[in-house]
Amino acid sequence: MKVVVDLTRCQGYAQCAFAAPDVFAIRGDEALLYDPDPDNTQREKIARAAAACPVQAIFLDREDAGHRQPGSGAQVAAPRPAGACKLTGKIVIVGASLAGLRAGLALRREGFTGSLTVIGDEPDPPYDRPPLSKQALMGQVDARRTALPRREEVDAHWRLGVAATGLDLDGKQVVLADGERVWFDRLLIATGVRARPWPNEAEAGLDGLFALHTPADAEGLRQRLEARPGRVLVIGGGFTGCEVASACRELDVPVTVAERGPAPLVGALGAVIGGVAAQMQRDHGVDLRCGVQIEALEGDGAGRLRQARLSDGSVLDVDVVVAALGSVRNVEWLEGSGLAAGAWGVACDAGCRAVDVNGVVTDDVFVAGDVARCPHPVYDYQYLSLEHWGNAVAQAQIAAHNMISPEGERWPHLALPEFWSTQFGTEIKSVGVPTYADQLVIAQGSVARRRFVAVYGYHGRITAAVAFNQSKWLEFYAGLIDRAAPFPPSFRITDQPTDARPVSAEVPERPTPHATVVVTGHGPSERRATLVRRPYL
C-alpha cells in the first residue's frame with residue numbers, strides 16, 4: 001500500500017495521528033511524519049485517517065500496488081474536456097518523476113486516448129523524495145519503498161533505466177542512450193534536478209562522503225548513521241542540510257553544519273529568519289559554523305574519510321560527510337536542441353510551453369517541475385525556478401491540460417510557490433517567494449516560542465509569508481499575496497505581537513546564471529540566436 005501526504009496542504013490538525021498512530025505521527029507541535037509504505041493490515045485505519053483529514057491532504061492507492069508494474073493496469077476512462085484539441089496521437093514524457101507521473105495521470109483523466117511513453121534514466125518507478133531526508137534517515141521507513149501512489153494506473157509505455165541524450169525538434173524525436181529514437185506529437189520535459197556533486201574528484205571518491213537525492217543515497221547514509229559515527233559533517237545549510245542535521249540529532253549522533261553564509265536557510269528565507277533557524281539548531285545540540293567553507297577532505301590509507309579542513313583553520317575528525325550543495329538541473333541532454341535551456345533550467349511561458357533560443361514559444365514542447373523556469377505575474381513576470389513538491393504537482397496538471405487543449409482553453413500556471421520543511425520538531429512552511437522582499441514583520445506569534453508567522457513585503461505590498469508551527473494561517477496570507485495587499489499589514493489579527501514593526505528582510509543578492517547568446521543575420525528572415533554552451537556546474 002502506498003501513501004503520500006501533500007504537506008503543502010496539511011495544516012497539522014493531527015486527526016490522522018489519532019486514527020492511524022502506527023502510520024502517522026506528529027513531532028513537536030505540527031511536524032507530521034508518516035510511513036509511505038505501511039503494512040496492508042493498516043489499510044482500514046489509513047482509510048479512516050484520509051477521510052477524517054479536514055484538508056484532504058492524504059492520498060493512497062485504491063488497491064494494493066505492491067504486485068503491479070507501471071502500465072500494467074487498464075486505461076482510466078475519463079470524460080473528454082469540451083473543445084479538446086489533440087486527444088489522440090503520441091505524447092512522450094521525459095522524466096519518470098513526480099511531475100512526469102502527475103502529468104501522465106492528468107492526461108488520461110482529461111481524455112487523452114493516444115500513445116503515452118514515459119522515459120526515465122533511473123531504474124525505479126517514480127518515488128517521493130521528501131521522506132528521504134526525514135523518515136528514511138531515522139530508520140522509520142525503508143528508503144527503497146517510497147514509490148509514489150498512483151491511485152489509478154497510467155496506461156503508458158514505461159522506458160525506465162535509459163536516459164534521454166538528445167532532442168531533435170525538427171524531426172520531433174527524443175534520442176535515447178541506447179541509440180533508439182522515440183517520435184512524438186507533443187513532448188513534456190520533466191527531467192528535474194540531481195544533487196550537485198563534490199567538486200574535487202579525488203575527494204569525491206572517499207568512503208564516507210554522501211550526497212542525498214535518490215533512495216540509494218538515503219539508504220547508504222542511513223546505514224552509516226545506524227553504525228553510530230563519531231561525528232557527521234553536513235556541508236551546506238539549506239533545507240536538505242538542515243533536515244539531515246535534524247535526523248542526526250534525533251538519532252543522538254554528533255553533527256557539525258558548515259555554512260558559508262551568515263546563517264542556515266539565508267538563501268531561501270533571508271538572514272532574519274535564518275538567524276531563528278540557527279538558534280534552533282544550536283538549541284538542539286548542532287555544532288553550527290557559519291561563514292566558513294571546506295578547504296579539503298582527507299582520508300586514510302584505505303580511502304576512508306577521516307578529516308575535514310575548514311577555511312577558519314580548524315580541523316574536524318569526521319566519519320561521515322554529507323555534501324548538501326544544492327542541485328543541478330538535468331538539461332545537458334538538450335544541448336544543441338534549440339531550446340532556451342541552461343543552468344537556470346528550461347524557459348517556458350505561463351502555459352508551460354517551452355521557449356526556444358530566439359525567445360519564440362514552441363507549440364509542441366512543454367516543461368514542468370524542478371527543471372522548468374516560468375514567469376510569474378505576481379513577481380513582476382520574473383522567471384522563477386522552483387524545486388518544490390507542490391509546484392511540480394500543480395505545473396504538471398497545467399502542462400497536461402494545455403498539451404491537449406485548444407489555444408483559447410489553455411490555463412496559466414499562476415499558483416503561488418509553497419514549500420515545507422520538517423526539522424528539529426518544527427514545521428516550517430512558506431507561501432510566496434520570501435527572497436522577493438525588502439522587509440519583513442513578525443505578524444503573529446512569538447519567535448522565542450518558535451510559533452510565529454513572518455510576513456514579507458516588497459515596495460509596499462505583501463509578497464510572502466513563512467510560518468513556524470503556524471501553518472493554518474498560510475491560506476489567509478496567500479489570499480493577501482494574490483490581492484497585492486499593502487505591506488506592512490495594518491489589520492488586527494489573532495496573537496499579534498504588541499511591538500510588531502518591519503525590519504530589513506536581509507535577503508542576499510544572489511547571482512543569476514545568464515545565457516551567452518550570439519545573434520547573427522541582418523534581415524528578419526535571417527536573424528537567429530545561438531546559445532553558447534557553458535558549464536552547468
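One is the number of the first residue; the rest follow in order along the sequence. Keep in mind it's a predicted model, so treat the numbers as computed, not measured.
Between His284 and Gln423, the closest side-chain pair of non-hydrogen atoms is not below 4.5 Å. In this structure, the side chains of Leu148 and Lys2 stay at 4.5 Å or more apart for every pair of heavy atoms. Side chains of Lys90 and Thr117 form a contact here, defined as non-hydrogen atoms less than 4.5 Å apart. Looking only at side-chain heavy atoms (C-beta outward), Glu418 and Leu474 stay at 4.5 Å or farther from each other. The shortest distance between side-chain heavy atoms of Val3 and Pro38 falls below 4.5 Å. Counting only heavy atoms from C-beta outward, the side chains of Trp198 and Val321 never approach each other to under 4.5 Å. Proximity of Val355 to Arg373: side-chain heavy atoms (C-beta onward) are nowhere separated by under 4.5 Å. Two residues are said to be in side-chain contact when any heavy atoms from C-beta on lie closer than 4.5 Å; Arg43 and Asn40 meet this criterion.
Between the side chain of Arg451 and the backbone N or O of Asn469 there is at least one donor-acceptor pair closer than 3.5 Å. Side-chain atoms of Arg102 do not come within 3.5 Å of backbone N or O of Ala400 as any donor-acceptor pair. Under the 3.5 Å distance criterion, the side-chain polar atoms of Tyr34 are matched with a main-chain donor or acceptor of Val5. A donor-acceptor contact shorter than 3.5 Å is absent between the side chain of Asp121 and the backbone of Gly161. The backbone N or O of Val433 lies less than 3.5 Å from a partner atom in the side chain of Tyr379, making a donor-acceptor pair. Side chain of Thr191 to backbone of Val94: no donor-acceptor contact under 3.5 angstrom is found. A donor-acceptor pair is defined here as one N or O able to donate and one able to accept, closer than 3.5 Å; such a pair exists between the side chain of Asp217 and the backbone of Thr214. Without hydrogens or angle criteria, Tyr456 side chain to Leu269 main chain gives a donor-acceptor distance under 3.5 Å.
Shown here is Arg145, whose CZ atom has no more than 12 heavy atoms of other residues, nucleotides or ligands within 6.0 Å. By the neighbour-count criterion of 12 heavy atoms within 6.0 Å, atom CZ of Phe476 is densely surrounded, having more than that number from other residues, nucleotides or ligands. Within 6.0 Å of NZ in Lys45 there are 12 or fewer heavy atoms belonging to other residues, nucleotides or ligands. The environment of Gln223 atom CD is dense: over 12 non-hydrogen atoms of other residues, nucleotides or ligands sit within 6.0 angstrom. Gln56 CD: more than 12 foreign heavy atoms inside a 6.0 Å radius.
Residues His413 and Cys374 come closest through the heavy atom pair CD2-SG, 4.4 Å. Residues Ala245 and Val255 come closest through the heavy atom pair O-CG1, 4.0 Å. For the residue pair Glu259 and Gly236, the shortest heavy atom distance occurs at OE1-C, 3.7 Å. Smallest separation of non-hydrogen atoms from Gly369 and Asn391: O-ND2, 4.1 Å. The two atoms that bring Asp128 and Pro131 nearest to each other are O-CD, 3.5 Å, heavy atoms only. The minimum heavy-atom distance between Ala415 and His376, with the atom names listed, is O-NE2, 3.2 Å.
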- [ ] Decide yes or no on side-chain contact (heavy atoms from CB on, under 4.5 Å) for Leu339 and Ile189, but give the supporting numbers first.
- [x] CA-CA 11 Å; Leu339 294 182; Ile189 297 171; 3.7 Å; yes
- [ ] Give the intermediate values and the outcome of salt bridge (charged side-chain N to carboxylate O under 4.0 Å, His left out) for residues Arg353 and Glu407.
- [x] CA-CA 12 Å; Arg353 296 179 299 176; Glu407 187 75 27; 3.6 Å; yes
Open item on the list: With side-chain contact (heavy atoms from CB on, under 4.5 Å) as the criterion, how do Glu122 and Leu160 come out once you've worked through the C-alpha distance, each side chain's angles and the decisive distance to 0.1 Å?
Closed with: CA-CA 6 Å; Glu122 295 185 45; Leu160 302 179; over 6 Å; no
- [ ] Verify salt bridge (charged side-chain N to carboxylate O under 4.0 Å, His left out) between Asp364 and Arg186, making sure each step is shown before the conclusion.
- [x] CA-CA 5 Å; Asp364 300 321; Arg186 287 196 167 165; 3.2 Å; yes
Open item on the list: Under the criterion side-chain contact (heavy atoms from CB on, under 4.5 Å), I'd like the reasoning laid out for Gln397 against Val393: C-alpha separation, chi angles, the key distance, then a yes or no.
Closed with: CA-CA 7 Å; Gln397 173 69 33; Val393 172; over 6 Å; no
Open item on the list: Test side-chain contact (heavy atoms from CB on, under 4.5 Å) on Leu265 and Ile273; report intermediate values, then the result.
Closed with: CA-CA 8 Å; Leu265 305 181; Ile273 303 304; over 6 Å; no
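Evaluated for a ring pair (Phe, Tyr, Trp, His ring centres under 6.0 Å) with His388, the options Phe419, Trp420, Phe239 yield exactly one hit, Phe419. For the pairing with Phe424, the side-chain contact (heavy atoms from CB on, under 4.5 Å) check across Gln281, Arg450, Glu250 returns one residue only, Gln281. Among Lys472, Lys429, Gln470, the one residue that satisfies the side-chain contact (heavy atoms from CB on, under 4.5 Å) test with Val453 is Gln470. Under the side-chain contact (heavy atoms from CB on, under 4.5 Å) test applied with Leu187, the options Ile91, Ile93, Thr362, Leu167 reduce to a single match, Leu167.
The structure places CG of Leu225 at 10.5 Å from CE of Met138, a figure rounded to the nearest 0.5 Å. With rounding to the nearest 0.5 Å, the separation of OG in Ser471 from CG in Leu32 is 10.0 Å. Note that OG1 of Thr88 is 8.0 Å distant from CG of Asp185, once rounded to the nearest 0.5 Å. Taking CZ from Phe184 and OG from Ser115, the interatomic distance works out to 13.0 Å, rounded to the nearest 0.5 Å. Summarising the geometry, atom CD belonging to Glu226 is positioned 4.5 Å from atom CZ belonging to Arg222; distances are rounded to the nearest 0.5 Å. For the atom pair OG1 (Thr165) and CD (Glu332), the distance works out to 12.0 Å, reported to the nearest 0.5 Å.
Salt bridge status for Arg224 with Asp207: present, with a side-chain N to carboxylate O gap under 4.0 Å. The residues Glu243 and Arg129 are annotated as not salt-bridged, no charged nitrogen and carboxylate oxygen being separated by less than 4.0 angstrom.
Counting only N and O atoms by type, the side chains of Arg194 and Asn330 include a donor and acceptor under 3.5 Å apart. Donor-acceptor pairing under 3.5 Å is lacking for the side chains of Asn402 and Ser405. For the residue pair Glu387 / Ser327, a side-chain donor-acceptor distance below 3.5 Å is found, with atom types taken as modelled.
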